[in-house]
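Note that this is a predicted model, so its numbers are computed, not measured. All heavy atoms count here, side chains included; hydrogens, waters and symmetry mates do not.
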Amino acid sequence: MAIEGPLRELGIHDVFQLLDLSRKTGTLSVTSNLRRNQGTVVFADGAVIYAEIHSNPHPLGHLLVRSGKITEADLQRARDMQQRGDRHRLGEVLVAIGAVTHRELVRQVRFQIEEVIFELLSWREGYFSFAEGDVHHVPADAAVRIPTESLLMEGARRIDEWSQIEGRIPHLGVIPTLAPASGGGEGSLDLLPTEWEVLAAVDGDRDVRGIAALLGRSEFEVAKIIFGLDAAGVLTITEPARANGESLQATEDVTALLARATAAAAGGDLDEARSWAEQARSLDPHEPAIYSLLGELELASRRPHEAEEYLRRALRLDPLLVSAHRLLGDALALQGRFPEAVEWWQRWLKIGEHDEHTNADEVQRVRESVRAAETLNTLVRGAHG
């Protein structure tokens, strides 16, 4: 039986949980027109055994060479053996000829799979399709089995840490450079081996993504290390520049993208609206109006948890963003959190009533919502009292 649908109705995290809990065996395909990308994940009894993504295929052989685990000669020898009839997977051949240990091979294959999964977990739009069936002919380079629950837990941890990192590293295109000498005399750096490895790859030209590719490491882990080195004053973070020296973001019109997103939302095309809003976010990840609009779109899709996340972020960036207060109240009310909803609606009333863009009907609607929420909350407390 096929399981399929848009991600705006069943989030990718929920899809993974469903396949894990029902111990499904088969292939999950996820497509995003916004990203022009497609990912494939193969499950065996609910566990992940293979994953690939079009935008970043991570061939195992090149990954092992790039990270210094094997040589080009080792890789060519293994491929020659396969061409001469060896039916073993590439990774198994490399282990057999002594080019790499089985432990290192498993670590690298897990890394491949994890990077694909963590990328897919960040997708909020697109379409998924799962087909049950035989998975014995999966084109994997080594046999690996990863519990889906552990991938979801790690994915949640990364998303939480990214919210802290992105204050200094808003996207993977930023370029780390060595910080100028402070003039305070010579000293020693007490760094971990992984930190020295990243520091040695910093040349003032490579961005975060390029350093991760050079080292064959996770983009998240490299960004995390660079964030720490920046906080310690060892590195500084700069935006990439165009040929004319202007900031990449400075030449783009975020306002126009937001206007297109708003127009699409008004016309009922939520997918198109999200597409424009995400493009605006990629150019200016610190614009609160973008997150307010994304929250409004999630509300229209009846996804209050995701809406709350966007709206709280908007208000962290701009606590006086009028519309976000009302929308956050709506998101909380849809979750049954009536006291919190009333608090945010009342905040909006204090600001919104005096805002020239607020109409009387909207004020009346919010007042009625406050009364209804207070009544419902009283009834709920009484029922549990």
Can you list the residues that meet the side chain to side chain donor-acceptor pair (under 3.5 Å) rule with [X], with sequence neighbours excluded?
X    : answer
D318 : none
E308 : R312, Q335, R337
H102 : none
R158 : E115, E154, S218

Tell me, do L294 and E278 make a side-chain contact under 4.5 Å, heavy atoms counted? yes

Applying salt bridge (Lys or Arg N to Asp or Glu O under 4.0 Å), name anything that partners [X], two or more places apart in sequence or on another chain.
X    : answer
E296 : none
D207 : none
D269 : none
E92  : R89

Across all chains, not counting sequence neighbours, the side-chain contact (heavy atoms from CB on, under 4.5 Å) partners of V202 are P176, I211, L235

List in chain and number order the residues that pass side-chain contact (heavy atoms from CB on, under 4.5 Å) with R103, two or more places apart in sequence or in another chain; answer none if no residue qualifies.
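Residues passing side-chain contact (heavy atoms from CB on, under 4.5 Å) with R103: T101.
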
Got more than 12 heavy atoms from elsewhere within 6.0 Å of CD, E368? yes

Near E161 CD, under 6.0 Å, is it more than 12 heavy atoms from other residues, nucleotides or ligands?
-> yes

In plain terms, say whether R365 and D330 are close enough for a salt bridge, that is, a side-chain N and a carboxylate O under 4.0 Å apart.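 Yes, this pair counts.
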
Looking at R168 and D230, is any side-chain nitrogen of the basic one under 4.0 Å from a carboxylate oxygen of the acidic one?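 Salt bridge flag = yes for R168 with D230.
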
Distance-only, no hydrogens or angles: does the S275 side chain make a donor-acceptor pair with backbone N or O of D271 under 3.5 Å?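 Looks like no, no N/O pair under 3.5 Å.
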
- Task: Give a yes or no on whether the backbone of I146 and the side-chain of S150 come within a donor-acceptor separation of less than 3.5 Å.
- Result: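 Side chain of S150 to backbone of I146, a donor-acceptor pair under 3.5 Å: no, none is there.
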
Side-chain donor-acceptor distances from residues 257-264 under 3.5 Å, at least two apart:
| residue | atom | partner | partner atom | Å |
| --- | --- | --- | --- | --- |
| T262 | OG1 | L258 | O | 2.9 |

Which residues satisfy the ring pair (Phe, Tyr, Trp, His ring centres under 6.0 Å) test with F16, sequence neighbours excluded?
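With neighbours one apart ignored, the set is F43.
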
query = For residues Q108 and Q112, is any side-chain donor paired with an opposing acceptor at under 3.5 Å?
reply =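 There is no such pair (donor and acceptor under 3.5 Å, judged by atom type) between the side chains of Q108 and Q112.
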
E340 and W344: side chain donor to acceptor below 3.5 Å = no

